[in-house]
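Notes to accompany the following structure.
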Amino acid sequence: MIDIKELRSRPAELKELIERKNVRVDFERILGLDETRRELIGETEKLKAERNAASRDIARLQKEKQDASAAIAATRETGDRIKALDQELKALEEEQRQLLLAIPNAPHPEVPVGNDEEANVFVREWGEKAPAPEWLKDHLSWGEAEGFYDFPRGAKLSGSGFPLYTGPGAKLERALIQFMLDLQSGENGYTEVSTPFLVNSASMTGTGQLPKMAEDMYYCERDDLWLIPTAEVPITNIHAGEVLDAKKLPMKFCGYSPCFRREAGSYGRDVRGFLRTHQFNKVELVKLARPENSYEELEKLLNDAESVLQKLGLHYRVLTLCSGDTSFASAKTYDIEVWSPAEGKYLECSSCSNFEDFQARRANIRFKEGSGKPRFVHTLNGSGLATSRLIVALVEACQQEDGSLLLPEVLRPYLGTERLRGPAA
RNA sequence: GGAGGAAUAGUCUAAUUGGUAAGGCAGCGGUCUUGAAAACCGCCGGGUUAGCGCCCUUGGGGGUUCGAGUCCCCCUUCCUCCGCCA
């Protein structure tokens, strides 16, 4: 959520920044409401001061056994006026809050300006593209032939976009999740958490999925709960409403969760295999950081996400997203894209973002240092990583001519073998 | 699902038949000191204001009242017990 005070003090500057995200924002209504709001506050507070003083007088009169009925009658009227004004004020504040909740975060001033992914900026790459010999099969035809996954039966259970992993495929995915959790909670120093996968509306609003993304999420009406589209939501909200000790910052969490996305409106795009699904598995990284060094923490978070691909020996590149491609709540985002030899292109497998205080203000996550007033933390997160697109790259890069997978060293302890074959072989 | 109890600021803990939130601890700044401790002073939820100040804040929302932490209703969470259950 944008700070109303900031909005009041430099509206033109903020409008220009936010509109770099390729959206139009209108601050006039909100600033008008704010002015009325502050006028109303002045009025009601004056009346309340009157009422408080009158009440004290009444108490004093009654203590002295004097008649206070005239004062009581007069104050009753003041009370009625306060009630009416308070109701007006409350409605106005709610309207202002709804408008504020719908405004995206401003991108960092140094984020490259652009409309779409064409304007994203190359940062660096690691490793080399795996070869794509004639016999190489893409992840879909190879995996279904080898019995690693079964999309038709997944569709039978739930519908298209719900993958079913089978046999060695299920084991491979489990191994990847465990390897990533061990890496992040081990040498990378994150505290591992296992969270609820259904959350309430307050949590969804805290991280910015609500109100704007309601159509993209699964909702259980009966219990008023949402299926999480990413573990970012429960993990970031762990300390919602709290005031944290500055000494504990940065706090670093990692956690696995399935992710549920309706992907409304994206039918027909990247629908093959694992490229875009309604359910996928992901290990997420979240940090709560001090505002002063949140951008240093973003670089470290990015390195931690990259370390997964490095240890797996998979070629990837890092991009800075341009303003138009940066998501609603983010101020700056890096994407990590892993190379798919059979597709012959890069696949997004991680987004690492700094949300600055945008989520912290919504979720009310603050920290206090010394005698200072509580301030909002900066929140960051990144995938570390999503398994679906990782598996695409992995099975293509590690595929041998005989159809087996020659596993990266780091995965062998988890699978108890260096070579994985499907039951079909 | 049923019965009972509880929720006060970072934390702990008070507040008369309803009278306008008192303290302790932790933390931070200052005085003093070679340095530290102790002691003493100040700060330590939010809104509004240039500031003084004023207003709000006792889990959330309503109600009664001149006035609600306190009385009434609804909700949430936690604890105890009963029932059901992997």
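Side-chain atoms are counted along with the backbone in the values below, which use heavy atoms only and exclude waters and symmetry mates. Lettering follows sequence order; numbering is per chain, from 1. None of these values were measured; they are calculated from a predicted model.
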Would you say the ring centers of A:Y149 and A:F274 fall short of 6.0 Å from each other?
yes
Salt bridge (Lys or Arg N to Asp or Glu O under 4.0 Å): pairs with one or both residues in residues 195-210 of chain A, sequence neighbours excluded:
none
Going by atom types only, do A:T78 and A:T75 share a side-chain donor-acceptor pair under 3.5 Å?
no
For atom NZ of A:K63 and atom C1' of B:U20, their distance in whole Å
13 Å
Aromatic ring proximity, centroids under 6.0 angstrom, A:F376 and A:F367
no
Could you check how far CG of A:D80 sits from C1' of B:G63, rounded to whole Å?
14 Å
Which value, in whole Å, describes the distance between the C1' atoms of nucleotides B:U13 and B:G18?
22 Å
Using atom P of each nucleotide, how far apart are B:G29 and B:G67 to the nearest Å?
45 Å
Protein-nucleotide distance (A:N364, atom CG; B:G60, atom P), rounded to Å
13 Å
Name the residue from A:M213, A:R261, A:E263 that meets the side-chain contact (heavy atoms from CB on, under 4.5 Å) definition with A:P229.
A:R261
Using the C1' atom on both, measure B:U20 against B:C66 and round to a whole Å.
12 Å
Do the two ring centres, one from A:H108 and one from A:Y295, sit under 6.0 Å apart?
yes
Do you see a donor-acceptor pair shorter than 3.5 Å between the side chains of A:Y316 and A:E306?
yes
If you measure from the Lys or Arg side-chain nitrogens to the Asp or Glu carboxylate oxygens, is any gap between A:E409 and A:R412 under 4.0 Å?
yes
For the C1' atoms, the ones on B:G59 and on B:U77, what distance do you get once it is rounded to whole angstrom?
8 Å
If I compare all heavy atoms of A:K21 with all of A:P104, which pair ends up nearest, and what's the gap?
CD-CB, 4.3 Å
Please give, in whole Å, the distance from B:G19 P to A:N52 CG?
15 Å
The residue among A:T205, A:T195, A:V199 that forms side-chain contact (heavy atoms from CB on, under 4.5 Å) with A:V233 is A:V199
At under 4.0 Å between heavy atoms, which parts of nucleotides 46-53 of chain B does protein reach? Answer with one letter per nucleotide, 5' to 3': B base, S sugar-phosphate only, - none.
SBSS----
Using the C1' atom as the reference point in each nucleotide, state the distance between B:U64 and B:U70 in Å, no decimals.
14 Å
Taking a pair as Watson-Crick (N1 to N3 plus N6-O4 or O6-N4) or G-U wobble (N1-O2 and O6-N3), both under 3.5 Å, which stems of 3 or more consecutive pairs involve RNA chain B?
B:1-7 with B:76-82, B:10-12 with B:23-25, B:27-31 with B:39-43, B:45-48 with B:53-56, B:59-63 with B:71-75
A:I235 and A:V193, any side-chain heavy atoms less than 4.5 Å apart
yes
Could you check if a side-chain atom of A:L301 sits within less than 4.5 angstrom of a side-chain atom of A:Y334, using non-hydrogen atoms only?
no
Generate the contact string for nucleotides 74-79 of chain B. Rules: B means base contact, S means sugar-phosphate contact only, - means no protein heavy atom under 4.0 Å.
------
May I ask you to check whether A:F151 and A:F162 place their ring centres under 6.0 Å from each other?
no
B:G45 versus B:A39 - spacing of their P atoms, nearest Å:
23 Å
Within this structure, what is the CG-to-P distance between A:D86 and B:C56, rounded to whole angstrom?
9 Å
What do the steps show when you test A:D57 against A:R60 for salt bridge (Lys or Arg N to Asp or Glu O under 4.0 Å), and what is the final call?
CA-CA 5 Å; A:D57 280 343; A:R60 188 179 43 77; 3.4 Å; yes
Which pairs, protein N/O on one side and nucleotides 21-26 of chain B N/O on the other, fall under 3.5 Å?
none

Do the non-hydrogen side-chain atoms of A:F148 and A:I391 ever get within less than 4.5 Å of each other?
no
Using the C1' atom on both, measure B:U11 against B:C44 and round to a whole Å.
13 Å
Base contacts versus sugar-phosphate-only contacts with protein, heavy atoms under 4.0 Å: please encode nucleotides 65-73 of chain B as B, S and - from 5' to 3'.
-BS------
When rounded to the nearest Å, what value does the distance between C1' atoms of B:C75 and B:G10 take?
27 Å
Rounded to the nearest angstrom, tell me the gap between atom CD in A:E43 and atom P in B:C56.
16 Å
